[in-house]
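Here the structure is a predicted model, which is why all the values come from computation and not from measurement.
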There are 2 protein chains.
Amino acid sequence: MSYSIGQVAEKLSISPYTLRYYDKEGLLPFVDRNDAGRRRFKDNDFNFLEVIVCLKEAGVPVKQIGNFIDLCMTGDTTLQARYDFLAKHEQKLVAKMAQLQHTLDFLRWKKWYYKTALQAGTESIHYLPGTNHVDPAVHAEFERLVADGGNPEELGKI
Amino acid sequence: MSYSIGQVAEKLSISPYTLRYYDKEGLLPFVDRNDAGRRRFKDNDFNFLEVIVCLKEAGVPVKQIGNFIDLCMTGDTTLQARYDFLAKHEQKLVAKMAQLQHTLDFLRWKKWYYKTALQAGTESIHYLPGTNHVDPAVHAEFERLVADGGNPEELGKI
DNA sequence: GGTTGACTTAGAGTTAACTCTAGATTCTAT
DNA sequence: ATAGAATCTAGAGTTAACTCTAAGTCAACC
């Protein structure tokens, strides 16, 4: 069974332009061509494509993905290097997810800030008296609610 | 207390160039200037800067962050719009984190794939007999190990 | 046999988000 | 008082990752 570039693009939900660009950048050395020079993807090629898509999602730059594919094409002498590459990007991804969790926590506190302002009809309930500046105690109040078992996601819900 | 662009850049670990670029894009309308035209950041400005950094981390494009700041400068009539904006990006972030968890799961399965190949000294232990194509049963085997209580993170560790 | 649509390449164009340069001004420290 | 560092603006340059165009080839259908 083989697939045209259009069929693969459809399956992966990316454009044929992008697939050709990846090929140009050396990400698809494993793809065969027919007599007319057209790309013919094999079933096994999806194992590579899956990895490429995964690394893209993980935020790995195209050039580095190309390095990994090079290792794959070289054979068993690069097994350790391939393992190390994946382990490195696993760790980067874990760190990124932890960072995003902090970002999410912050978004939820700001949601609560606007929820309470909305309920009061004005943001000024959060200001220090006689100023336009936010009272630091407001954040402390939110933190107290969370510490008392409040769910940050629920606290901000309207 | 007020701060120069260099001091703010230092605190936020971003370059003064980037801060000026954000200003040019309308993200910093709240920043005062001294008589010589130099930016003077106030303590309260860090409340805005925190939000800008947070939205950046969440992957919100600079232009959209500018829209949000515009809402902030307009006053209490935009409280609902600001809440909705944050709620929308909270949901996007939750979706992205779920996606990244799948990406992480995939990376860990591939790590296990290379760990077992390394232990065997060759990737060919994963191939269908007489081919260079990966046996689909290999992934199924990994899934079985996970279903039997294996920790995907541990299974791939060397 | 002719038309339509998918494919090919090389190379140009686009977009976002910086990042830097040049030339002028201003602040800080001796 | 002056040297050196930091700041200002306008605008040019950079980078990554596409995205498209042009001109041509190939395959399928009526």
Taking OP1 and OP2 of dC7(C), is either one under 4.0 Å from a side-chain nitrogen or oxygen of Arg39(A)?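 Answer no for this pair, as no side-chain N or O of Arg39(A) is under 4.0 Å from OP1 or OP2.
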Does Asn34(B) have a side-chain nitrogen or oxygen under 4.0 Å from the phosphate oxygens OP1 or OP2 of dC27(C)?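 Yes, because at least one side-chain N or O of Asn34(B) sits under 4.0 Å from OP1 or OP2 of dC27(C).
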Using heavy atoms to find the nearest nucleotide of DNA chain C for Pro16(A) and Ser15(B) separately, return the residue whose nucleotide is more 5′.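 The 5'-side residue here is Pro16(A).
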DNA chain C: Lys63(B) or Arg38(B), which has the more 5' nearest nucleotide?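 In this pair, the answer is Lys63(B).
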Does Tyr113(A) have Lys110(A) sitting over its ring (NZ/CZ under 6.0 Å from centre, angle to axis within 45°)?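 Judged by the rule, Lys110(A) and Tyr113(A) form a cation-pi pair.
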Is the Lys NZ or Arg CZ of Lys11(A) less than 6.0 Å from the centre of Phe41(A)'s six-membered ring, within 45° of the axis?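 Geometry flag: not set, cation outside 6.0 Å or 45°.
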Side chains of Asn44(A) and Asn47(A): is there a donor and an acceptor less than 3.5 Å apart?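 A pair is found: one side chain offers a donor N or O, the other an acceptor, under 3.5 Å apart.
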Distance in angstrom units between [X] [atom1] and [N] [atom2], rounded:
| X | N | atom1 | atom2 | result |
| --- | --- | --- | --- | --- |
| Ile5(A) | dA6(C) | CD1 | P | 13 Å |
| Gln7(A) | dC7(C) | CD | P | 8 Å |
| Tyr3(A) | dC7(C) | OH | C1' | 19 Å |

What does [X] touch in the nucleic acid at a heavy-atom separation under 4.0 angstrom: a base, only the sugar-phosphate, or nothing?
| X | answer |
| --- | --- |
| Ser4(A) | sugar-phosphate |
| Arg20(A) | base |
| Pro61(B) | sugar-phosphate |
| Asp35(B) | nothing |
| Arg40(B) | nothing |

Go through dA6(C), dT9(C), dG11(C) for me and flag the one nearest to the Lys24(A) side chain.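 Given the options dA6(C), dT9(C), dG11(C), the side chain of Lys24(A) is closest to dG11(C).
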Exactly one of Arg39(B), Lys42(B), Arg38(B) should register a side-chain contact (heavy atoms from CB on, under 4.5 Å) with Asp32(B). Which one does?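 The passing option is Lys42(B).
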Under 4.0 Å from any heavy atom of chain B: name the first and the last nucleotide of DNA chain D that qualifies, 5' to 3'.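 So the outermost contacting nucleotides come out as dA6(D) to dG11(D).
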Report, as yes or no, whether the 6.0 Å neighbourhood of atom CD on Glu10(A) holds more than 12 heavy atoms from other residues, nucleotides or ligands.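 Counting neighbours around CD of Glu10(A), 12 or fewer heavy atoms of other residues, nucleotides or ligands fall under 6.0 Å, so no.
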Are His102(B) and Phe106(B) an aromatic pair by the rule of ring centers under 6.0 Å?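 No, ring centres 6.0 Å or more apart.
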Salt-bridged, Asp148(A) to Arg144(A), with N to O below 4.0 Å?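 Salt bridge: yes.
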